[in-house]
Number of protein chains: 2
Amino acid sequence: MRLMSVVRKGAPRRAPRLSGGVDFAEPSRAIPTDRILIGDCVEQLASLPPHSVDMVFADPPYNLQLQGELKRPDDSRVDAVDDAWDQFESFEAYDAFTRAWLLAVKRVMKPNATIWVIGSYHNIFRVGALMQDLGFWILNDVVWRKSNPMPNFRGRRFTNAHETMIWAARDPGAKGYQFNYEALKGGNEDVQVRSDWLLPICTGGERLKDAQGRKLHPTQKPEALLARVMLSASKPGDVVLDPFLGSGTSAAVAKRLRRHFVGVERDETYAAAAAARIDAIEPLPEAALVAPPSAREAPRVAFSALVDSGLVTPGLELTDAKGHVRAVVRADGTIALVNAATLAVGSIHRMGALAQGAEACNGWTFWHVEQEGRRHPIDVLRARLRAEMGIRSEE
Amino acid sequence: MRLMSVVRKGAPRRAPRLSGGVDFAEPSRAIPTDRILIGDCVEQLASLPPHSVDMVFADPPYNLQLQGELKRPDDSRVDAVDDAWDQFESFEAYDAFTRAWLLAVKRVMKPNATIWVIGSYHNIFRVGALMQDLGFWILNDVVWRKSNPMPNFRGRRFTNAHETMIWAARDPGAKGYQFNYEALKGGNEDVQVRSDWLLPICTGGERLKDAQGRKLHPTQKPEALLARVMLSASKPGDVVLDPFLGSGTSAAVAKRLRRHFVGVERDETYAAAAAARIDAIEPLPEAALVAPPSAREAPRVAFSALVDSGLVTPGLELTDAKGHVRAVVRADGTIALVNAATLAVGSIHRMGALAQGAEACNGWTFWHVEQEGRRHPIDVLRARLRAEMGIRSEE
DNA sequence: AAACCGCTTGAATCCAAAC
DNA sequence: CGTTTGGATTCAAGCGGTT
């Protein structure tokens, strides 16, 4: 965590620095990381050196074009996203805005960097077409399926239950981009991760509130979503840029996963709240993040889903039934053996087999967690998650 | 199935007619249905009367043929916008093609018709943006999640496990489009249907094969997908247009679901195979397709009709569900609040709203009558009157 | 203590017939 | 055409208070 330590040196618990432009205390042409730049993203990005970020996550305005107000069947009013920053005069105006920030972002991307952009049907088609026009090379579109979306109250459309993320390389033919295929697969029951992800929206304690207890930001994204993005397409020490930082979810997750962040935010209230939020984050132990594994195996249902759900926390210790063998849960859903002579990282099944010297192992029954002084197989956590998710949600 | 019978009259088991243009045997300006038009879809659609189809399903080609040009070595220029030039030319050609067929399709859509377009990340963003540019009004984007997608063999991306459908109305502000909300909900555990659908890809016996046993068409869609589309947004007797018929899935499903189809296909081999396929389809029994009575479409019954019919007597007391609020029925079909400080008289809805301090209220469910010691919403009386009226009207 | 109930809320392009 | 009025319409979670 070289660059992270620069900012935190001598002030380990202070908030990230807020800056209106380039920080000249930084080495010339080195990108100032782990801070929030306040201002218009196109202007702010122009002050950064070219080819300096490894990954971009962008959550631009969606241009919702809402008409009147909407009420629930119980006559309560839906708190719509009617903020000024989401208003555009026309598709042309939105396109010009989009083109400008995409170009500004592209300049600061390293040749092998990739970009993620999230949106809904209101804007994602325009964004995707412009990305193609500007020479980005789409690698996947990834669907975020919301486990608890807002329903369609009037019964006139399908429940708008997903958002779309476009994952793209900077240039056509890019081959050296970061994609942690084996780690993702190892955390997904050794099955390739698909282009549709099921995750809940951001509610409860994770949702930032203002002094009056109202939601601070209308469109705060869940940390689990950003964690999947960064665990997929970046590595510890990378610089992650977010040109529309908002409530700071991407920066908070970057810090937790030991990536560096550069955030741009126009609204000072949002920026200040994000800074405080980021400051409170404690990075995960490095052991929970290092070294992608190389694995191959069989069965179903993802251990990483337990991590996403919060039932299992990265860093949690797993043991066998008798407590002799120990392992640590990693953020991507793989586990690392603790007492191994060499670093051993992989799926719960493969690591279980390795620990026993067996060819195969059912990690769900081999590994245990200690709760209230008693050891339970992690299979009970899986059963709990299945129960929570219900029959409909993940067919 | 009026129009269907025109084609099948005198030749009940023959294949749909193949035609190069307008069939002059049809009544002038009536759209020729249940046949395949062979040729370029823009040209063929120009021969059809305007405002003549109820729903469109389009699975356009997206072979951009860009691979060769785009795989040249990555150069080191700082600004890669120039790189996009060649591909912009190619994208432009695709855009021109897309714009042309979308306009041709729009002309033949009825004002309340809707269109579905399916695609992948290669083309769907361009198609969606152009649809917005041409004035279509997006209602939903619907994700087809493939339960058995093709794996990603090289491990450099996520498994491409979905395709995207855009569902749009012909014009902004369209409200009268067909959407079978209640039927869909009824078939989905009484929960409204979401924008992500899980369905297997087309394999096995459903997949058309050529004489050599190879798959006839590279992108044959599963009939289950088309069935969900048509069951969602059309009704029996509707005319469904498919400008890129291919192997004929949409027409086959339309016939089975007792919709009429108009298919356009440029490739004669595909058209012939589709014709044979469609010919073998047996429409489902009408009883399997009739729409269940929906509350939204039920004939309106005024509260005064209950008074007129004698089901409700002037002077009868109404209360809310808990018996706190009381009102009295007046002879003209209005009601009067009993405990109001000032005299309050009006419709069951207005008085219900007033009693609650709400802006709106469904008086049919708010107000109750006491019968045999139990409270029933007055909606049950309305249902009884509707039943009696239904019996009378059929006599 | 665990279960249960009621209330709140989330990126939303969310009515239709009659007058 | 605009305006008024009837009356149809919601799912999953989290949280707090009660049983």
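All values reported here derive from a predicted model rather than from experimental measurement. So you know, we letter chains A, B, ... as the sequences are listed, proteins then strands, and number each from 1.
Straight-line distance from the CG atom of A:Asn160 to the C1' atom of D:dT10: 14 Å, rounded to whole Å. A straight line from CD of B:Glu189 to P of D:dA12 spans 11 Å, rounded to a whole angstrom. As a whole-Å value, the separation of B:Gln192 CD from D:dT9 C1' is 9 Å. Between the P atom of D:dC11 and the CG atom of A:Asn152 lies a distance of 10 Å, rounded to the nearest Å. With rounding to whole Å, A:Asp75 atom CG is found 15 Å from D:dA8 atom P. Note: CZ (A:Phe153) to C1' (D:dA12) measures 11 Å, nearest angstrom.
Nucleic acid contact for A:Pro222: none, since no nucleic acid atom lies under 4.0 Å from a heavy atom of the residue. Within 4.0 Å (heavy atoms only), A:Lys215 reaches sugar-phosphate atoms of the nucleic acid but no base atom. Nucleic acid contact class of A:Cys202 (heavy atoms, under 4.0 Å, all strands): none. Using a 4.0 Å heavy-atom criterion, one finds that B:Arg382 contacts the sugar-phosphate atoms exclusively.
Closest non-hydrogen pair, A:Ile36 versus A:Ala271, comes out as CD1-O, 3.6 Å.
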Pull out every protein N or O sitting under 3.5 Å from an N or O of nucleotides 17-19 of chain D, one pair per line with the distance.
none

All N/O pairs under 3.5 Å across the protein-nucleotides 2-6 of chain D interface:
from: D:dG6; atom 1: OP2; to: B:Ser347; atom 2: OG; distance (Å): 3.4

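Its glycosidic angle being more than 90° from 0, D:dT5 falls on the anti side.
Comparing the P positions of C:dT13 and D:dA8 gives an interatomic distance of 24 Å, to the nearest angstrom. D:dC15 and C:dA11 have their C1' atoms separated by 23 Å, given to the nearest Å. Taking atom P in both C:dA12 and D:dG6, one finds a spacing of 30 Å when rounded to whole Å. Nucleotides C:dG10 and D:dG7 place their C1' atoms 26 Å apart, quoted to the nearest Å.
Counting heavy atoms from C-beta outward, A:Asp75 and B:Glu359 have side chains that approach closer than 4.5 Å. Looking at heavy atoms from C-beta onward, B:Trp197 lies in side-chain contact with B:Val229 at the 4.5 angstrom threshold.
Residue pairs meeting the salt bridge (charged side-chain N to carboxylate O under 4.0 Å, His left out) criterion with at least one member in residues 170-186 of chain B, sequence neighbours excluded: B:Lys106-B:Asp171.
The cationic group of A:Arg126 lies under 6.0 Å from the six-membered ring centre of A:Phe91 and within 45° of the ring axis, placing it in a cation-pi geometry. Judged by the 6.0 Å distance and 45° axis criteria, A:Arg266 is not positioned over the aromatic ring of A:Trp85.
Remark: A:Asp79 does not engage A:Arg214 in a salt bridge, criterion side-chain N to carboxylate O under 4.0 Å. In this structure, B:Asp196 pairs ionically with B:Arg194, as a charged nitrogen and a carboxylate oxygen lie closer than 4.0 Å.
Defined by atom type and a distance below 3.5 Å, a donor-acceptor pair is present between the side-chain atoms of A:His122 and A:Ser120. Between the side chains of A:Arg277 and A:Thr249, at least one donor-acceptor pair of N or O atoms lies under 3.5 Å. With hydrogens and angles left out, the side-chain atoms of B:His162 and A:Asp141 include a donor and acceptor closer than 3.5 Å.
Close placement of the B:Trp167 and B:Phe179 rings is indicated, their centers lying within 6.0 Å of each other.
Taking a heavy-atom distance under 4.0 Å as the criterion, the stretch of DNA chain C touched by chain B extends 5' to 3' from C:dT13 to C:dA17.
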Original post:
How would DNA chain D look in dot-bracket form, 5' to 3', counting Watson-Crick and G-U wobble pairs with both distances under 3.5 Å and writing | for bases paired to another strand?
Top reply: .|||||....|||||||||

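Of the residues in residues 174-187 of chain B, those with a non-hydrogen atom less than 4.0 angstrom from any atom of DNA chain D are B:Tyr181, B:Glu182, B:Lys185.
Ring geometry for A:Tyr270 against A:His217 counts as tilted: the plane angle lies between 30° and 60°, on a 0 to 90° scale.
Between B:Asn362 and D:dA8, a side-chain N or O to OP1/OP2 separation shorter than 4.0 Å is present.
The residue among A:Met150 and A:Gly205 whose nearest nucleotide of DNA chain D is located toward the 5' end is A:Met150.
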